[in-house]
Amino acid sequence: MASIMTIHILLISSFLLFSSYTSAQRFKEAPKFYNSHNCPSIDLTCSPHEVHVAMTLDVTYLRGSMAAILSVLQHSSCPENIIFHFVTAASKSSSTTVLNRTLSTSFPYLNFHFYPFDDDSVAGFISTSIRSALDCPLNYARNYMANLLPPCVKKIVYLDSDLVLVDDIAKLAATPLSGDAVLAAPEYCNANFSFYFTPTFWSNPSLSLTFAGRRACYFNTGVMVIDLERWREGDYTTKIEEWMELQKRMRIYELGSLPPFLLVFAGNIAPVDHRWNQHGLGGDNFRGLCRELHPGPVSLLHWSGKGKPWARLDANRACPLDALWAPYDLLETRFSLEA
């Protein structure tokens with residue numbers, strides 16, 4: 001009986017904690033954005049003129065997700081042609097209800113769909129990384145987009161929650177995936193690629209030959225254009241899972257969900273201009289120090305790394321570039337709630 005009482009107390013405490021957390025986050029209603037006069041019609045389901053955007057969604061990063069959605073719509077020439085696909089943790093159905101209500105309230109005209117992700121199914125593949133936040137099962141949902149989304153969705157733009165766009169996402173979605181490329185992303189070939197894998201990996205001849213014949217370069221998985229048809233045909237989810245299973249046995253990398261993508265795709269992706277992922281603005285994965293923009297034009301700012309702009313702004317320790325994120329923040333301030 002005591003154990004049952006304990007479980008009830010823990011469940012009630014968790015619910016109250018969740019309720020207090022979500023009620024503390026109230027968001028303003030975003031303006032409605034309309035198509036320009038030359039936008040094509042999307043009367044048919046899965047029309048070729050739609051832009052499909054996929055994101056994971058949870059309470060912890062909701063504030064960032066709301067800003068990202070607003071930035072996508074605000075800078076789009078055809079915002080009504082954008083379909084959002086949000087993947088949520090199936091184990092947290094109560095939070096999914098809150099997320100759905102929040103989106104519907106702040107973006108009443110948004111065209112979106114929810115997909116529950118069985119985070120327990122991937123938990124067995126995950127090994128600990130250098131930062132606990134990277135071990136969240138939802139971080140691995142990008143591996144399963146081809147299975148979660150309807151078969152008629154053939155191409156998506158995958159976006160993380162800690163970014164904002166300042167350009168039309170249709171331009172990114174139109175990236176050509178020539179040859180047999182499955183995904184497109186900005187590549188960074190001046191990065192020390194060996195850093196992403198352990199000495200165990202590089203000292204094993206059969207493993208280090210993985211990149212033989214490939215010009216393997218780093219790419220950030222927070223911004224990708226993915227051909228879901230080719231992904232399904234090549235069963236790339238299984239290929240990624242095989243590397244994750246090996247990681248559990250041999251410890252061949254340290255960073256969460258990124259290295260399996262590099263092992264499968266690095267050197268075989270379609271190029272995207274660097275302007276579409278000015279990443280690393282959150283600093284490194286330990287300290288989250290301020291960073292500057294990379295040289296060149298900017299279409300997307302990405303606060304990958306430990307430091308998130310909303311947390312630094314709230315703590316009055318904002319980095320200079322965090323001011324570029326602030327205009328997209330839909331969170332109701334205490335002052336506006338009291339007004």
Side-chain angles (χ1 to χ4, degrees), residues 51 53-58 60-76 84 86 131 133-134 136 138-139 141-142 145 156-173 175 183-191 196 217-226 255-259 261-262 265-266 269 271-313 318-330:
V51 173
V53 179
M55 302 174 67
T56 58
L57 201 63
D58 67 359
T60 304
Y61 286 92
L62 179 57
R63 189 173 170 187
S65 301
M66 299 289 280
I69 296 165
L70 175 60
S71 73
V72 169
L73 296 173
Q74 184 171 321
H75 295 284
S76 172
F84 285 88
F86 298 116
R131 186 160 63 91
L134 300 175
C136 172
L138 204 56
N139 284 343
R142 72 194 82 191
M145 291 293 174
I156 61 170
V157 177
Y158 175 84
L159 298 177
D160 272 353
S161 297
D162 52 357
L163 54 79
V164 294
L165 277 81
V166 291
D167 203 343
D168 193 339
I169 196 170
K171 299 176 185 176
L172 177 59
T175 301
L183 65 84
E187 290 184 293
Y188 301 88
C189 294
N190 58 345
Y196 297 99
C217 299
Y218 163 80
F219 65 92
N220 180 276
T221 53
V223 180
M224 297 183 290
V225 180
I226 305 176
L255 281 169
S257 60
L258 168 64
F261 261 83
L262 297 179
F265 294 111
I269 71 173
V272 176
D273 192 280
H274 288 183
R275 69 190 302 155
W276 287 105
N277 195 355
Q278 286 271 357
H279 70 285
L281 305 186
D284 59 39
N285 279 304
F286 291 105
R287 294 169 295 175
L289 300 177
C290 294
R291 295 273 181 88
E292 295 182 356
L293 289 175
H294 310 298
V298 180
S299 291
L300 185 152
L301 299 103
H302 187 187
W303 280 262
S304 57
K306 184 178 180 180
K308 303 306 175 188
W310 56 89
R312 295 193 293 216
L313 287 164
C319 292
L321 291 177
D322 295 344
L324 300 177
W325 180 89
Y328 302 97
D329 187 11
L330 286 172

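Fair warning: this is a prediction, and the values are worked out from it, not measured in the lab. All values below were derived from every heavy atom in this structure, side-chain atoms included, with hydrogens, water molecules and symmetry-related copies excluded.
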Problem set entry | Shortest non-hydrogen contact from Cys217 toward Glu187 | CB-OE2, 4.0 Å
Problem set entry | Pairwise distance CG(Leu313) to CG(Asp322) - rounded to 0.5 angstrom | 5.0 Å
For this session: Apply side-chain contact (heavy atoms from CB on, under 4.5 Å) to Asp167 and Arg275, showing your working.
Result: CA-CA 10 Å; Asp167 203 343; Arg275 69 190 302 155; 4.2 Å; yes
Exercise. Are Leu165 and Trp276 side-chain neighbours, meaning at least one heavy-atom pair lies under 4.5 Å?
Worked result: yes
Exercise. Between the main-chain N or O of Ala326 and the side-chain N or O of Asp329, is there a donor-acceptor pair closer than 3.5 Å?
Worked result: no
For this session: List the steps and the verdict of side-chain contact (heavy atoms from CB on, under 4.5 Å) for Ile226 and Met145.
Result: CA-CA 9 Å; Ile226 305 176; Met145 291 293 174; 5.5 Å; no
Exercise. Would you call Met55 and Ser161 a side-chain contact if the rule is heavy atoms closer than 4.5 Å?
Worked result: yes
Seminar exercise, completed: Closest non-hydrogen atoms of Gly64 and Trp310, given as atom of the first, atom of the second and distance, are CA-CZ3, 3.5 Å
Exercise. Is the closest side-chain heavy-atom distance between Val164 and Trp303 below 4.5 Å?
Worked result: yes
Exercise. Parallel under 30°, tilted from 30 to 60°, perpendicular over 60°: which one fits the rings of Phe265 and Phe261?
Worked result: tilted
For this session: Show your reasoning for whether side-chain contact (heavy atoms from CB on, under 4.5 Å) applies to Ile169 and Leu159.
Result: CA-CA 11 Å; Ile169 196 170; Leu159 298 177; 4.0 Å; yes
Exercise. Any side-chain heavy atom of Val272 within less than 4.5 Å of one from Leu172?
Worked result: yes
Problem set entry | Non-hydrogen side-chain atoms of Leu62 and Leu57 separated by less than 4.5 Å | yes
Exercise. Taking all non-hydrogen atoms of both residues, which atom of His302 and which atom of Val223 are closest, and how far apart?
Worked result: ND1-CG2, 4.4 Å
Seminar exercise, completed: All heavy atoms of Arg312 vs all of Gly288, minimum pair found to be NH1-O, 3.0 Å
Exercise. Measuring from Leu301:CG to Leu324:CG, what's the distance to the nearest 0.5 Å?
Worked result: 6.0 Å
For this session: Taking all heavy atoms of Arg291 and all of Gly280, pick out the closest pair and write down the distance.
Result: CG-O, 3.1 Å
Exercise. Please walk me through it: do Leu293 and Leu321 pass side-chain contact (heavy atoms from CB on, under 4.5 Å)?
Worked result: CA-CA 8 Å; Leu293 289 175; Leu321 291 177; 3.9 Å; yes
Exercise. Would you call Asp168-Lys171 a salt bridge at under 4.0 Å N-O?
Worked result: no
Exercise. Measuring from Lys306:NZ to Leu289:CG, what's the distance to the nearest 0.5 Å?
Worked result: 9.5 Å
Problem set entry | Student check: side-chain heavy atoms of Arg63 and Lys308 closer than 4.5 Å | no
Problem set entry | Pairwise distance CG(Leu262) to OH(Tyr196) - rounded to 0.5 angstrom | 7.5 Å
For this session: Flag the pair Tyr61 / Asp160 as yes when at least one side-chain heavy-atom distance between them is below 4.5 Å, and no otherwise.
Result: no
Seminar exercise, completed: In Leu183, Val225, Val157, the residue satisfying side chain to side chain contact (heavy atoms under 4.5 Å, CB included) with Thr175 is Val225
Exercise. For the residue pair Pro297 and Gln278, what are the closest heavy atoms and their distance?
Worked result: O-NE2, 3.5 Å
Exercise. Would you say the side chain of Thr56 lies within less than 4.5 Å of the side chain of Tyr158, judging by non-hydrogen atoms?
Worked result: yes
